[in-house]
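So that we are looking at the same thing, I have put the structure below in structure tokens.
Please read all numbers here as calculations on a predicted model, not as lab measurements. Just so you know, ligand 1 is whichever comes first in the structure, and atom 1 is the first atom listed for that ligand.
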Amino acid sequence: MKIAVVGTGYVGLVTGTCFAETGNSVTCIDINEDKIKSLRNGIIPIFEPGLDVLFERNIHQGRLKFTTNLKEGIQDASIIFLALPTPPGEDGSADLSYILGVANDLGPILHQYTVIVDKSTVPVGTAEKVSANIAKGATVEFDVVSNPEFLREGVAVEDFMKPDRVVIGTTSDKAKKIMDRLYAPLVRQGNPVIYMDERSAELTKYAANAFLATKITFMNEIANLCERVGANVDEVRKGMGSDSRIGKRFLFAGIGYGGSCFPKDVQALAKTSSDFEYEFEILKSVMQVNHHQKTKLLPAIRAYFDGNLKGKKIAVWGLAFKPYTDDIREAPALENINALLAEGAIIKAYDPEAQANVQRLLGDKISFGEDLYDTVDGADALLVVTEWPEFRTPEFDKIEKLMKNKVIFDGRNVFDTDQMAELGFDYYSIGRQPVISSIKV
Ligand SMILES: NC(=O)c1ccc[n+]([C@@H]2O[C@H](COP(=O)([O-])OP(=O)(O)OC[C@H]3O[C@@H](n4cnc5c(N)ncnc54)[C@H](O)[C@@H]3O)[C@@H](O)[C@H]2O)c1
């Protein structure tokens, strides 16, 4: 099939590349000229494990192309995916200007029956709005389908190629047939393609993300309680998670969720609810708790330095909002770094993939380490913000020699409290009792 993908970001590029991998001819379109130039030169502008192999193969086979020209890009396409941004607007609702703008442009340039697919996360009722905008200029028949994307950054290719399920919102039999054919190679193992109406599909995506954000937040509140009552959240997690009704995943306590999806989707669902005169109380709490959770370790850091962070060198391990991505949107690291800088601390940070993105954002406000050890050299404290696997078993004897104080603030519980005590570190984590063993210098 001939496919066009409008918006070549994390979702658009993965969608386009994976559909090229199943034999389709795909053109990815983006208004960002630098991005398209780099893609045409064979350079992937994001870090996503496994994407490079598929990207190179499909470019080589001539199945994957890139352009900034919408009209040229959609020529002869029978399916057009919209993988455009839906950032939060000022009132928290999803900003639909990107999607509705492209929908306006599409109408007059469609030349045959086309299925237009909302891949972006969009509020209930958007398919109808997209349809109305296209209809203003269209002279041919078309259908607008809601097909929310559930991929996770860091494992996006795997999620896309082997989805747990595919949700397709459409009431058109013609569109259903085309979508069926397109997705068939990805669900050969029998994972379901679930058809529903457009509104239910749109809501499914928000319901899934809001539920996951709530699960994380519930566990973070349990962690906060553990600290007060002398319990250990890791033990509680194991005890709870072995109940199959609860499940083991998404139960890890930490300094809050970030990223480009959970924060904005929880906010947008709460806004949709109040627009429909229903106050989604639990989501309001989730947002509030997560906001506080992100900077939860700051009071302990301040207290450790008697309230004065001026000139204190803080090493930060982890900048991306989670491991295996370079995405720093709404990353807890940024909030912590900005707060520490505001109090006069000096920051040196390390992340295996996200340093360039942070450098673009913060310039020379902070410096960057070459590796774990260079980052902690001369540091007064270490703050761990992202649970990259390479942080889990470092050479502590080396760290001990390099750091000025043996103190670690761990927002992701990557270390074992007993080991920290054995090694003589002061160690503050989430939902576990602090380890106090060294004397400050
Ligand atoms: N990132 C994720 O993990 C993820 C997962 C599932 C769903 N989603 C949803 O998918 C959508 C896209 O997210 P993303 O993370 O890929 O965003 P992104 O910011 O990485 O990519 C969006 C791209 O669209 C381009 N763009 C903007 N206006 C354009 C226009 N008029 N024409 C062509 N291109 C244009 C931008 O330049 C950018 O490259 C959002 O609604 C998001 O909520 C994201």
Of the choices D95, D30, D118, T121, which has the non-hydrogen atom that lies closest to atom 7 (C) of ligand 1?
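Nearest option to atom 7 (C) of ligand 1, by heavy atoms: T121.
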
Could you measure the distance from the CZ atom of F250 to the CD1 atom of I216? Nearest 0.5 Å is fine.
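CD1 of I216 is found 5.0 Å from CZ of F250.
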
Contact atoms of ligand 1, heavy-atom distance to R329 under 4.0 Å
15 (O), 17 (O), 18 (P), 19 (O), 20 (O)

Report the member of N32, I31, D34, V5 with the shortest heavy-atom distance to atom 34 (N) of ligand 1.
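It is I31 that holds the nearest heavy atom.
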
Out of curiosity, L382 CG to I314 CD1, how far, rounded to the nearest 0.5 Å?
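One finds 9.5 Å between CG of L382 and CD1 of I314.
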
Assess whether side chain to side chain contact (heavy atoms under 4.5 Å, CB included) is satisfied between I255 and I430, documenting all intermediate values.
CA-CA 8 Å; I255 48 171; I430 309 290; 3.6 Å; yes

In the protein, which heavy atom is nearest to atom 44 (C) of ligand 1, and how far is it?
V11 CG2, 3.2 Å

CD/E198 to CD/E202 distance, rounded to the nearest 0.5 angstrom?
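Between E198 CD and E202 CD, I get 7.5 Å after rounding to 0.5 Å.
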
Can you check which of K264, K205, E48 brings a heavy atom nearest to atom 43 (O) of ligand 1?
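Selected option, by shortest heavy-atom distance: K264.
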
Does D143 come within less than 4.0 Å of K174, counting only side-chain N to carboxylate O?
no

P85 near ligand 1 by a heavy-atom separation under 4.0 Å:
yes

Note: ligand 1 atoms sitting under 4.0 Å from heavy atoms of K35 are 38 (C), 39 (O)

At a non-hydrogen distance cut-off of under 4.0 Å, which region of E33 contacts ligand 1 (side chain, backbone, both, or neither)?
neither

Separation between CG of L334 and CG of L362, rounded to the nearest 0.5 Å
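Answer for the CG-CG pair, L334 versus L362, is 6.0 Å.
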
V102 N/O to ligand 1 N/O under 3.5 Å
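Not met; the criterion fails.
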
Would you say Y98 and ligand 1 have an N/O pair spaced under 3.5 Å apart?
no

Heavy atoms only, cut-off 4.0 Å: how does S120 contact ligand 1, side chain, backbone, both, or neither?
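Both of them.
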
Considering only heavy atoms of S260, which atoms of ligand 1 have at least one such atom less than 4.0 Å away?
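Answer for ligand 1: 1 (N).
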
Using a 4.0 Å cut-off to any heavy atom of T86, which atoms of ligand 1 qualify?
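Selected atoms, number and element: 40 (C), 41 (O), 43 (O).
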
For the pair K205 and E149, evaluate side chain to side chain contact (heavy atoms under 4.5 Å, CB included) and give the outcome as yes or no after the intermediate values.
CA-CA 8 Å; K205 172 66 190 178; E149 181 49 56; 5.6 Å; no

Contacting atoms of ligand 1, where contact means under 4.0 angstrom from a heavy atom of L151
3 (O), 5 (C)

Distance under 4.0 Å to a non-hydrogen atom of Y10: what atoms of ligand 1 satisfy this?
1 (N), 15 (O), 16 (O), 20 (O)

Pick from L84, I46, N209: the one approaching atom 35 (C) of ligand 1 most closely through a non-hydrogen atom
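When every heavy atom of L84, I46, N209 is considered, L84 comes closest to atom 35 (C) of ligand 1.
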
I'd like to know whether ligand 1 has R152 as a neighbour, heavy-atom separation below 4.0 Å.
no

Nearest 0.5 Å, what's the CD1-CG distance between I168 and D197?
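Output value for this atom pair is 13.5 Å.
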
Euclidean distance, L84 CG relative to T121 OG1, rounded to 0.5 Å
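Rounded to the nearest 0.5 Å, the OG1-CG separation comes to 12.0 Å.
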
Note: R152-E158 ion pair, threshold 4.0 Å (strictly below):
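Salt bridge: no.
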
Looking only at heavy atoms, is any part of C261 under 4.0 Å from ligand 1, and if so is it the side chain, the backbone, or both, or is it neither?
side chain

Can you classify the ring geometry of F396 versus F415 as parallel (below 30°), tilted (30 to 60°) or perpendicular (above 60°)?
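Judged by the thresholds at 30° and 60°, the geometry between F396 and F415 is perpendicular.
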
Using the six-membered ring of F368, assess whether NZ or CZ of K348 lies under 6.0 Å from its centre and within 45 degrees of the ring axis.
no

Give the numbers and elements of all ligand 1 atoms closer than 4.0 Å to a heavy atom of V6.
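So the atoms of ligand 1 that pass are 32 (N), 33 (C).
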
